[in-house]
Amino acid sequence: MSLLSDLINLNLSESTEKIIAEYIWVGGSGMDLRSKARTLPGPVDDPAKLPKWNYDGSSTDQAPGDDSEVILYPQAIFKDPFRRGNNILVICDVYTPAGEPLQTNKRYDAAKIFSHPDVVAEVPWYGIEQEYTLLQKDVNWPLGWPLGGFPGPQGPYYCGVGADKAYGRDIVDAHYKACVYAGINISGINGEVMPGQWEFQVGPSVGISAGDEVWAARYILERITELAGAVVSFDPKPIPGDWNGAGAHTNYSTKSMREEGGYEVIKKAIEKLGLRHKEHIAAYGKGNERRLTGRHETADINTFSWGVANRGSSVRVGRDTEKQGKGYFEDRRPASNMDPYVVTSMIAETTILWKP
(Lines give C-alpha, C1' and ligand atoms only; values in the text may rest on other atoms or scores of the structure.)
Protein backbone atom coordinates (compact mmCIF):
# COMPACT_ATOMS: atom_id res chain seq x y z
CA MET A 1 0.00 0.00 0.00
CA SER A 2 1.35 3.43 -0.98
CA LEU A 3 1.90 6.06 1.64
CA LEU A 4 0.56 9.57 1.07
CA SER A 5 4.14 10.81 0.59
CA ASP A 6 4.67 8.15 -2.11
CA LEU A 7 1.64 9.39 -4.04
CA ILE A 8 2.64 13.04 -3.68
CA ASN A 9 6.06 12.17 -5.10
CA LEU A 10 4.80 10.07 -8.03
CA ASN A 11 6.90 10.65 -11.15
CA LEU A 12 4.27 11.27 -13.82
CA SER A 13 6.76 11.02 -16.67
CA GLU A 14 7.07 7.27 -16.01
CA SER A 15 3.50 6.72 -17.20
CA THR A 16 2.33 9.72 -19.22
CA GLU A 17 3.35 12.72 -21.31
CA LYS A 18 0.82 14.85 -19.46
CA ILE A 19 2.03 17.56 -17.09
CA ILE A 20 0.49 19.72 -14.36
CA ALA A 21 0.69 23.50 -14.69
CA GLU A 22 0.10 25.62 -11.58
CA TYR A 23 -1.26 29.01 -12.71
CA ILE A 24 -0.26 31.76 -10.22
CA TRP A 25 -1.60 35.31 -9.98
CA VAL A 26 -1.85 38.24 -7.56
CA GLY A 27 -5.25 38.82 -5.95
CA GLY A 28 -7.14 42.00 -5.12
CA SER A 29 -5.08 43.12 -2.12
CA GLY A 30 -1.93 43.33 -4.24
CA MET A 31 -0.11 40.87 -1.98
CA ASP A 32 -2.38 37.79 -1.81
CA LEU A 33 -0.99 35.15 -4.12
CA ARG A 34 -3.53 32.75 -5.63
CA SER A 35 -3.05 29.63 -7.72
CA LYS A 36 -4.84 26.69 -9.29
CA ALA A 37 -3.69 23.76 -11.39
CA ARG A 38 -4.62 22.21 -14.71
CA THR A 39 -3.49 19.23 -16.76
CA LEU A 40 -1.78 19.82 -20.11
CA PRO A 41 -1.12 17.20 -22.82
CA GLY A 42 2.67 17.56 -22.74
CA PRO A 43 5.69 19.64 -21.66
CA VAL A 44 5.64 23.39 -22.40
CA ASP A 45 8.57 25.83 -22.20
CA ASP A 46 7.03 28.91 -23.85
CA PRO A 47 4.28 30.88 -22.06
CA ALA A 48 2.85 31.90 -25.45
CA LYS A 49 2.00 28.22 -26.04
CA LEU A 50 0.00 27.94 -22.82
CA PRO A 51 -3.78 28.35 -22.88
CA LYS A 52 -5.40 31.34 -21.23
CA TRP A 53 -7.65 30.43 -18.31
CA ASN A 54 -10.24 32.05 -16.09
CA TYR A 55 -11.26 32.26 -12.45
CA ASP A 56 -13.91 33.76 -10.17
CA GLY A 57 -12.74 37.32 -9.60
CA SER A 58 -15.54 38.01 -7.10
CA SER A 59 -13.78 35.64 -4.69
CA THR A 60 -10.45 37.52 -4.95
CA ASP A 61 -11.90 41.05 -4.70
CA GLN A 62 -11.18 41.67 -8.37
CA ALA A 63 -14.65 41.56 -9.99
CA PRO A 64 -18.33 41.94 -9.04
CA GLY A 65 -20.43 38.85 -8.42
CA ASP A 66 -22.71 39.48 -11.41
CA ASP A 67 -19.76 39.67 -13.84
CA SER A 68 -17.07 37.71 -12.06
CA GLU A 69 -14.99 36.10 -14.82
CA VAL A 70 -11.35 37.19 -14.94
CA ILE A 71 -8.91 35.90 -17.55
CA LEU A 72 -5.39 34.65 -16.77
CA TYR A 73 -2.68 35.38 -19.36
CA PRO A 74 0.41 33.16 -18.89
CA GLN A 75 3.59 35.30 -18.85
CA ALA A 76 6.50 33.33 -17.35
CA ILE A 77 7.28 29.66 -16.72
CA PHE A 78 9.32 28.11 -13.90
CA LYS A 79 9.98 24.47 -13.03
CA ASP A 80 7.75 23.20 -10.24
CA PRO A 81 9.91 22.17 -7.24
CA PHE A 82 6.90 20.62 -5.48
CA ARG A 83 5.60 18.28 -8.22
CA ARG A 84 8.97 18.19 -10.06
CA GLY A 85 9.38 16.29 -13.34
CA ASN A 86 8.11 18.29 -16.31
CA ASN A 87 5.48 20.07 -14.21
CA ILE A 88 5.58 23.86 -14.16
CA LEU A 89 4.68 27.02 -12.26
CA VAL A 90 3.14 29.72 -14.45
CA ILE A 91 3.19 33.40 -13.48
CA CYS A 92 0.11 35.08 -14.96
CA ASP A 93 -1.41 38.53 -15.11
CA VAL A 94 -5.12 39.30 -15.18
CA TYR A 95 -7.59 40.79 -17.67
CA THR A 96 -11.29 41.25 -18.29
CA PRO A 97 -12.93 38.99 -20.91
CA ALA A 98 -12.70 41.98 -23.27
CA GLY A 99 -8.91 41.98 -22.89
CA GLU A 100 -8.58 45.04 -20.64
CA PRO A 101 -5.99 44.76 -17.84
CA LEU A 102 -7.50 44.83 -14.34
CA GLN A 103 -6.58 47.74 -12.08
CA THR A 104 -4.63 45.26 -9.94
CA ASN A 105 -2.59 44.12 -12.97
CA LYS A 106 0.67 45.95 -12.24
CA ARG A 107 2.62 43.80 -14.68
CA TYR A 108 0.81 45.28 -17.70
CA ASP A 109 1.97 48.85 -17.04
CA ALA A 110 5.47 47.68 -16.15
CA ALA A 111 5.74 45.75 -19.44
CA LYS A 112 4.88 48.93 -21.38
CA ILE A 113 7.76 50.79 -19.71
CA PHE A 114 10.22 47.92 -20.15
CA SER A 115 9.34 47.59 -23.85
CA HIS A 116 10.03 51.29 -24.54
CA PRO A 117 12.99 51.47 -26.98
CA ASP A 118 14.98 53.83 -24.72
CA VAL A 119 14.60 51.45 -21.77
CA VAL A 120 15.38 48.37 -23.87
CA ALA A 121 18.59 50.04 -25.09
CA GLU A 122 19.73 50.64 -21.49
CA VAL A 123 19.28 46.95 -20.45
CA PRO A 124 18.21 47.73 -16.85
CA TRP A 125 19.52 45.25 -14.27
CA TYR A 126 17.89 44.70 -10.90
CA GLY A 127 18.95 42.92 -7.74
CA ILE A 128 16.13 42.81 -5.19
CA GLU A 129 16.80 42.03 -1.52
CA GLN A 130 13.53 40.58 -0.24
CA GLU A 131 13.31 40.63 3.56
CA TYR A 132 10.57 38.70 5.36
CA THR A 133 9.63 37.51 8.84
CA LEU A 134 8.73 33.94 9.82
CA LEU A 135 5.85 33.75 12.29
CA GLN A 136 4.49 31.01 14.54
CA LYS A 137 1.23 29.97 12.91
CA ASP A 138 -1.35 30.33 15.66
CA VAL A 139 0.02 33.25 17.67
CA ASN A 140 1.27 35.67 14.98
CA TRP A 141 4.61 36.03 16.81
CA PRO A 142 8.08 35.58 15.25
CA LEU A 143 9.55 32.10 15.02
CA GLY A 144 11.90 31.37 17.93
CA TRP A 145 10.55 34.17 20.14
CA PRO A 146 9.19 33.20 23.58
CA LEU A 147 5.39 33.33 23.64
CA GLY A 148 4.29 36.71 24.96
CA GLY A 149 7.91 37.78 25.43
CA PHE A 150 10.99 38.99 23.64
CA PRO A 151 14.42 37.57 22.79
CA GLY A 152 17.64 39.35 23.63
CA PRO A 153 18.35 42.65 21.84
CA GLN A 154 19.52 42.80 18.23
CA GLY A 155 23.17 42.21 17.51
CA PRO A 156 23.93 38.47 17.38
CA TYR A 157 21.19 37.48 14.92
CA TYR A 158 22.36 39.09 11.64
CA CYS A 159 23.96 36.25 9.64
CA GLY A 160 24.02 34.40 12.96
CA VAL A 161 24.61 30.71 13.57
CA GLY A 162 23.20 28.58 16.37
CA ALA A 163 19.87 27.47 17.81
CA ASP A 164 19.66 30.64 19.94
CA LYS A 165 20.29 32.97 16.99
CA ALA A 166 18.92 31.45 13.77
CA TYR A 167 15.23 30.54 13.75
CA GLY A 168 13.75 28.75 10.72
CA ARG A 169 16.88 27.91 8.76
CA ASP A 170 15.32 24.68 7.44
CA ILE A 171 12.55 26.74 5.79
CA VAL A 172 15.06 29.23 4.42
CA ASP A 173 17.38 26.61 2.95
CA ALA A 174 14.47 24.63 1.47
CA HIS A 175 13.30 27.84 -0.20
CA TYR A 176 16.78 28.63 -1.52
CA LYS A 177 17.18 25.24 -3.18
CA ALA A 178 13.60 25.22 -4.48
CA CYS A 179 14.19 28.59 -6.18
CA VAL A 180 17.43 27.38 -7.79
CA TYR A 181 15.57 24.27 -8.99
CA ALA A 182 12.73 26.39 -10.39
CA GLY A 183 15.10 28.46 -12.51
CA ILE A 184 14.70 31.65 -10.50
CA ASN A 185 17.82 33.79 -10.56
CA ILE A 186 18.20 33.71 -6.78
CA SER A 187 21.64 34.91 -5.80
CA GLY A 188 21.79 34.39 -2.05
CA ILE A 189 20.19 34.28 1.41
CA ASN A 190 21.09 35.53 4.89
CA GLY A 191 19.70 35.90 8.37
CA GLU A 192 18.59 39.45 9.12
CA VAL A 193 19.06 41.84 12.05
CA MET A 194 15.79 41.00 13.81
CA PRO A 195 15.58 37.38 15.01
CA GLY A 196 13.14 35.34 12.91
CA GLN A 197 13.73 37.64 9.96
CA TRP A 198 15.52 36.51 6.80
CA GLU A 199 16.35 37.77 3.34
CA PHE A 200 16.73 36.30 -0.12
CA GLN A 201 18.15 38.13 -3.13
CA VAL A 202 16.86 37.85 -6.70
CA GLY A 203 19.03 39.04 -9.59
CA PRO A 204 20.72 40.44 -11.43
CA SER A 205 17.60 40.18 -13.59
CA VAL A 206 16.76 42.25 -16.64
CA GLY A 207 13.60 44.33 -16.91
CA ILE A 208 10.23 42.66 -16.36
CA SER A 209 11.84 39.33 -15.44
CA ALA A 210 12.86 40.78 -12.05
CA GLY A 211 9.20 41.15 -11.10
CA ASP A 212 8.29 37.69 -12.43
CA GLU A 213 11.10 36.09 -10.45
CA VAL A 214 10.33 37.88 -7.17
CA TRP A 215 6.65 36.89 -7.37
CA ALA A 216 7.60 33.28 -8.18
CA ALA A 217 10.04 33.22 -5.24
CA ARG A 218 7.38 34.65 -2.93
CA TYR A 219 4.92 31.98 -4.07
CA ILE A 220 7.43 29.20 -3.40
CA LEU A 221 8.17 30.66 0.04
CA GLU A 222 4.44 30.76 0.88
CA ARG A 223 4.10 27.12 -0.17
CA ILE A 224 7.10 26.00 1.89
CA THR A 225 5.90 27.79 5.03
CA GLU A 226 2.51 26.14 4.44
CA LEU A 227 4.24 22.75 4.52
CA ALA A 228 6.25 23.72 7.61
CA GLY A 229 3.24 24.99 9.55
CA ALA A 230 4.66 28.51 9.77
CA VAL A 231 3.51 31.84 8.33
CA VAL A 232 5.55 34.30 6.26
CA SER A 233 4.97 38.01 6.80
CA PHE A 234 6.00 40.74 4.38
CA ASP A 235 4.88 43.48 6.78
CA PRO A 236 7.44 46.32 6.73
CA LYS A 237 7.41 46.64 10.54
CA PRO A 238 6.07 43.39 12.00
CA ILE A 239 7.16 44.17 15.57
CA PRO A 240 6.86 47.77 16.88
CA GLY A 241 9.62 49.29 18.94
CA ASP A 242 13.38 48.83 18.87
CA TRP A 243 13.42 46.16 16.16
CA ASN A 244 14.44 46.39 12.51
CA GLY A 245 11.73 46.59 9.90
CA ALA A 246 11.65 44.62 6.65
CA GLY A 247 12.50 46.14 3.28
CA ALA A 248 13.08 45.17 -0.31
CA HIS A 249 16.22 47.13 -1.18
CA THR A 250 16.38 47.43 -4.95
CA ASN A 251 19.81 47.48 -6.60
CA TYR A 252 19.80 49.01 -10.06
CA SER A 253 22.02 49.79 -13.00
CA THR A 254 21.73 50.61 -16.68
CA LYS A 255 24.12 49.96 -19.54
CA SER A 256 25.33 53.57 -19.32
CA MET A 257 25.99 53.22 -15.59
CA ARG A 258 27.99 50.04 -16.09
CA GLU A 259 30.27 51.60 -18.71
CA GLU A 260 33.16 54.07 -18.33
CA GLY A 261 31.89 57.37 -16.97
CA GLY A 262 28.92 55.61 -15.42
CA TYR A 263 29.29 57.33 -12.04
CA GLU A 264 28.14 60.63 -13.54
CA VAL A 265 25.10 58.87 -15.02
CA ILE A 266 24.39 57.37 -11.58
CA LYS A 267 24.53 60.77 -9.88
CA LYS A 268 22.11 62.26 -12.43
CA ALA A 269 19.74 59.32 -11.96
CA ILE A 270 19.83 59.73 -8.16
CA GLU A 271 19.11 63.45 -8.55
CA LYS A 272 15.99 62.59 -10.59
CA LEU A 273 14.87 60.07 -7.96
CA GLY A 274 15.18 62.81 -5.35
CA LEU A 275 12.95 65.12 -7.37
CA ARG A 276 10.20 62.47 -7.41
CA HIS A 277 10.71 61.24 -3.85
CA LYS A 278 7.07 61.59 -2.78
CA GLU A 279 5.73 59.77 -5.84
CA HIS A 280 8.12 56.87 -5.29
CA ILE A 281 7.38 56.63 -1.56
CA ALA A 282 3.64 56.48 -2.34
CA ALA A 283 4.27 53.44 -4.56
CA TYR A 284 6.89 51.67 -2.45
CA GLY A 285 4.65 49.66 -0.11
CA LYS A 286 1.78 50.03 2.34
CA GLY A 287 2.78 50.81 5.94
CA ASN A 288 6.28 51.91 4.94
CA GLU A 289 6.00 54.95 7.22
CA ARG A 290 6.25 52.57 10.18
CA ARG A 291 9.62 51.39 8.85
CA LEU A 292 11.24 54.53 7.38
CA THR A 293 11.80 56.40 10.64
CA GLY A 294 15.45 57.38 10.29
CA ARG A 295 16.38 54.59 12.71
CA HIS A 296 17.27 50.90 12.24
CA GLU A 297 19.26 51.43 9.02
CA THR A 298 16.64 53.59 7.30
CA ALA A 299 16.31 57.17 6.14
CA ASP A 300 13.38 59.29 7.30
CA ILE A 301 10.42 58.87 4.95
CA ASN A 302 10.01 62.62 4.41
CA THR A 303 13.60 63.40 3.44
CA PHE A 304 15.52 62.17 0.41
CA SER A 305 19.23 61.56 0.86
CA TRP A 306 22.02 59.60 -0.73
CA GLY A 307 25.53 58.66 0.24
CA VAL A 308 28.42 56.31 -0.37
CA ALA A 309 28.25 53.21 1.86
CA ASN A 310 25.58 54.92 4.00
CA ARG A 311 22.81 52.54 5.07
CA GLY A 312 20.99 55.41 6.75
CA SER A 313 20.34 57.14 3.42
CA SER A 314 17.48 56.76 0.91
CA VAL A 315 19.89 55.68 -1.81
CA ARG A 316 23.25 54.04 -1.16
CA VAL A 317 26.18 53.93 -3.57
CA GLY A 318 28.75 51.21 -2.93
CA ARG A 319 32.43 51.87 -2.33
CA ASP A 320 33.34 49.76 -5.39
CA THR A 321 31.10 51.87 -7.62
CA GLU A 322 32.70 55.08 -6.36
CA LYS A 323 36.19 53.63 -6.77
CA GLN A 324 35.64 52.20 -10.26
CA GLY A 325 33.64 55.17 -11.50
CA LYS A 326 30.82 52.93 -12.72
CA GLY A 327 28.44 50.26 -11.48
CA TYR A 328 25.11 50.33 -9.66
CA PHE A 329 23.26 51.92 -6.75
CA GLU A 330 20.76 50.71 -4.15
CA ASP A 331 17.35 52.26 -3.54
CA ARG A 332 16.76 51.44 0.14
CA ARG A 333 13.25 52.89 0.34
CA PRO A 334 11.01 50.04 -0.95
CA ALA A 335 9.18 48.10 1.76
CA SER A 336 9.14 44.31 1.96
CA ASN A 337 5.52 44.29 0.71
CA MET A 338 6.23 46.39 -2.39
CA ASP A 339 5.09 45.20 -5.81
CA PRO A 340 8.30 44.46 -7.76
CA TYR A 341 6.59 45.29 -11.06
CA VAL A 342 5.75 48.77 -9.75
CA VAL A 343 9.11 49.50 -8.14
CA THR A 344 11.36 48.27 -10.95
CA SER A 345 9.40 49.96 -13.73
CA MET A 346 9.07 53.21 -11.77
CA ILE A 347 12.83 53.40 -11.22
CA ALA A 348 13.41 52.82 -14.95
CA GLU A 349 10.76 55.37 -15.92
CA THR A 350 12.15 58.06 -13.62
CA THR A 351 15.83 57.53 -14.42
CA ILE A 352 15.60 56.80 -18.17
CA LEU A 353 12.38 58.26 -19.61
CA TRP A 354 11.42 61.16 -17.33
CA LYS A 355 12.60 64.62 -18.40
CA PRO A 356 12.43 66.99 -15.40
Side-chain angles (χ1 to χ4, degrees), residues 23-35 47 52-55 57 59-63 70-78 89-116 119-120 124-132 184-185 202-203 205-222 234-236 246-252 273 276 278-288 331 333-354:
Y23 279 46
I24 301 162
W25 71 96
V26 182
S29 77
M31 275 303 289
D32 56 318
L33 282 161
R34 311 280 179 141
S35 76
K52 293 173 184 173
W53 205 9
N54 64 74
Y55 67 93
S59 295
T60 62
D61 199 26
Q62 290 174 297
V70 177
I71 312 302
L72 293 165
Y73 285 33
Q75 299 290 2
I77 291 174
F78 298 94
L89 305 177
V90 184
I91 297 294
C92 305
D93 58 355
V94 292
Y95 298 79
T96 68
E100 295 295 319
L102 265 60
Q103 187 178 357
T104 55
N105 183 353
K106 305 305 182 185
R107 191 186 192 280
Y108 177 81
D109 291 329
K112 285 198 295 186
I113 291 169
F114 283 122
S115 62
H116 190 288
V119 177
V120 172
W125 288 3
Y126 297 91
I128 297 174
E129 304 171 33
Q130 176 68 71
E131 295 178 344
Y132 61 93
I184 294 167
N185 194 20
V202 168
S205 304
V206 179
I208 197 76
S209 64
D212 291 337
E213 291 180 6
V214 168
W215 277 117
R218 284 176 172 177
Y219 175 83
I220 291 171
L221 181 57
E222 292 265 20
F234 294 106
D235 189 283
H249 303 153
T250 301
N251 299 276
Y252 170 71
L273 288 173
R276 295 184 80 185
K278 285 185 179 178
E279 294 94 323
H280 279 257
I281 287 294
Y284 274 16
K286 189 176 180 182
N288 209 9
D331 191 338
R333 297 171 296 171
S336 50
N337 60 356
M338 63 81 159
D339 188 316
Y341 294 132
V342 173
V343 169
T344 57
S345 62
M346 196 172 191
I347 291 173
E349 199 272 331
T350 293
T351 60
I352 300 171
L353 300 179
W354 184 53

(request) Starting at CD of E100, measure out to CD1 of I71 and round the result to the nearest 0.5 Å. (result) 13.0 Å
(request) Find out whether W354 and R276 are in side-chain contact, i.e. whether some heavy atom of one side chain is under 4.5 Å from a heavy atom of the other. (result) yes
(request) Grab the two heavy atoms, one from A335 and one from G285, that are nearest each other, plus how far apart they are. (result) CB-CA, 4.1 Å
(message) Nearest 0.5 Å, please: how far is CG in D331 from CE in M346?
(response) 10.5 Å
(request) Begin with the C-alpha distance, continue with both residues' side-chain angles, and end with the deciding distance and a verdict on side-chain hydrogen bond (donor to acceptor under 3.5 Å, both in side chains) for Y252 and T351. (result) CA-CA 10 Å; Y252 170 71; T351 60; 2.6 Å; yes
(request) Calculate, to the nearest 0.5 Å, the distance between atoms CG and CE belonging to D235 and M31 respectively. (result) 9.5 Å
(request) Using atom types as modelled and distance alone, determine if a side-chain donor or acceptor of S205 lies under 3.5 Å from a backbone N or O of S209. (result) no
(message) Contact between C92 and Y73 at the side-chain level, heavy atoms closer than 4.5 Å - yes or no?
(response) no
(request) Could I get the full list of ring-ring contact (aromatic ring centres under 6.0 Å, His included) partners for W53, not counting sequence neighbours? (result) Y23
(request) Tell me yes or no: between the side chains of Y341 and N105, is some donor less than 3.5 Å from an acceptor? (result) no
(message) Taking side-chain contact (heavy atoms from CB on, under 4.5 Å) as the criterion, tell me which of T60, V26, L72 meets it with R34.
(response) T60
(message) I'd like to check D93 versus L102 (side-chain heavy atoms, cut-off strictly below 4.5 Å). Are they in contact?
(response) no
(request) Indicate yes or no: does E349 engage K112 in a salt bridge with an N to O separation below 4.0 Å. (result) no
(message) Rounded at 0.5 Å granularity, tell me how far CG in N185 sits from CD1 in I128.
(response) 11.0 Å
(request) List the atom of A111, the atom of I208, and the distance in Å for their closest heavy-atom pair. (result) N-CD1, 3.7 Å
(request) Would you mind reporting whether Y126 and V214 have side-chain heavy atoms less than 4.5 Å apart? (result) no
(request) Apply side chain to side chain contact (heavy atoms under 4.5 Å, CB included) to V120 and F114, showing your working. (result) CA-CA 6 Å; V120 172; F114 283 122; over 6 Å; no
(request) Determine the minimum heavy-atom distance between V343 and P334, stating which atoms define it. (result) CG1-CG, 3.9 Å
(message) Using the ring-ring contact (aromatic ring centres under 6.0 Å, His included) criterion, which residues pair with Y219? Sequence neighbours excluded.
(response) none
(request) Flag the pair W25 / Q62 as yes when at least one side-chain heavy-atom distance between them is below 4.5 Å, and no otherwise. (result) yes
(request) Ignoring hydrogens and angles, tell me if any N or O in the side chain of D61 forms a donor-acceptor pair with the backbone of G28 under 3.5 Å. (result) no
(message) If we ignore hydrogens and angles and just use 3.5 Å, is the side chain of E131 paired with the main-chain N or O of A248 as donor and acceptor?
(response) no
(request) Indicate yes or no for a side-chain donor-acceptor contact from N337 to the backbone of K286 under 3.5 Å, with no hydrogens or angles considered. (result) yes
(message) Please evaluate residues R107 and D212 with respect to the criterion salt bridge (charged side-chain N to carboxylate O under 4.0 Å, His left out), reporting the C-alpha separation (whole Å), side-chain torsions for both, the decisive distance (0.1 Å), and the verdict.
(response) CA-CA 9 Å; R107 191 186 192 280; D212 291 337; 2.9 Å; yes
(message) Do H116 and I352 make a side-chain contact, defined as non-hydrogen atoms from C-beta onward lying under 4.5 Å apart?
(response) no
(message) I'd like to check L89 versus I77 (side-chain heavy atoms, cut-off strictly below 4.5 Å). Are they in contact?
(response) no
(request) Keeping the roles fixed (side chain from S336, backbone from A246), state whether a donor-acceptor pair exists under 3.5 Å. (result) yes
(message) Using side-chain heavy atoms (C-beta onward) and a distance below 4.5 Å, is F234 in contact with M338?
(response) no
(message) A quick test of your reading: do over 12 heavy atoms of other residues, nucleotides or ligands sit less than 6.0 Å from OH of Y108?
(response) no
(request) Could you grab the distance from atom CD of Q130 to atom NE2 of H249, nearest 0.5 Å is fine? (result) 11.0 Å
(message) Measuring from atom CD1 of I24 to atom OG of S35, what distance do you get when rounded to the nearest 0.5 angstrom?
(response) 6.0 Å
(request) Could you tell me whether the side chain of D339 and the main chain of K106 form a donor-acceptor pair under 3.5 Å? (result) no
(request) Before giving the answer on side chain to side chain contact (heavy atoms under 4.5 Å, CB included), spell out for N54 and V70 the whole-Å C-alpha distance, their side-chain angles and the decisive distance to 0.1 Å. (result) CA-CA 5 Å; N54 64 74; V70 177; over 6 Å; no
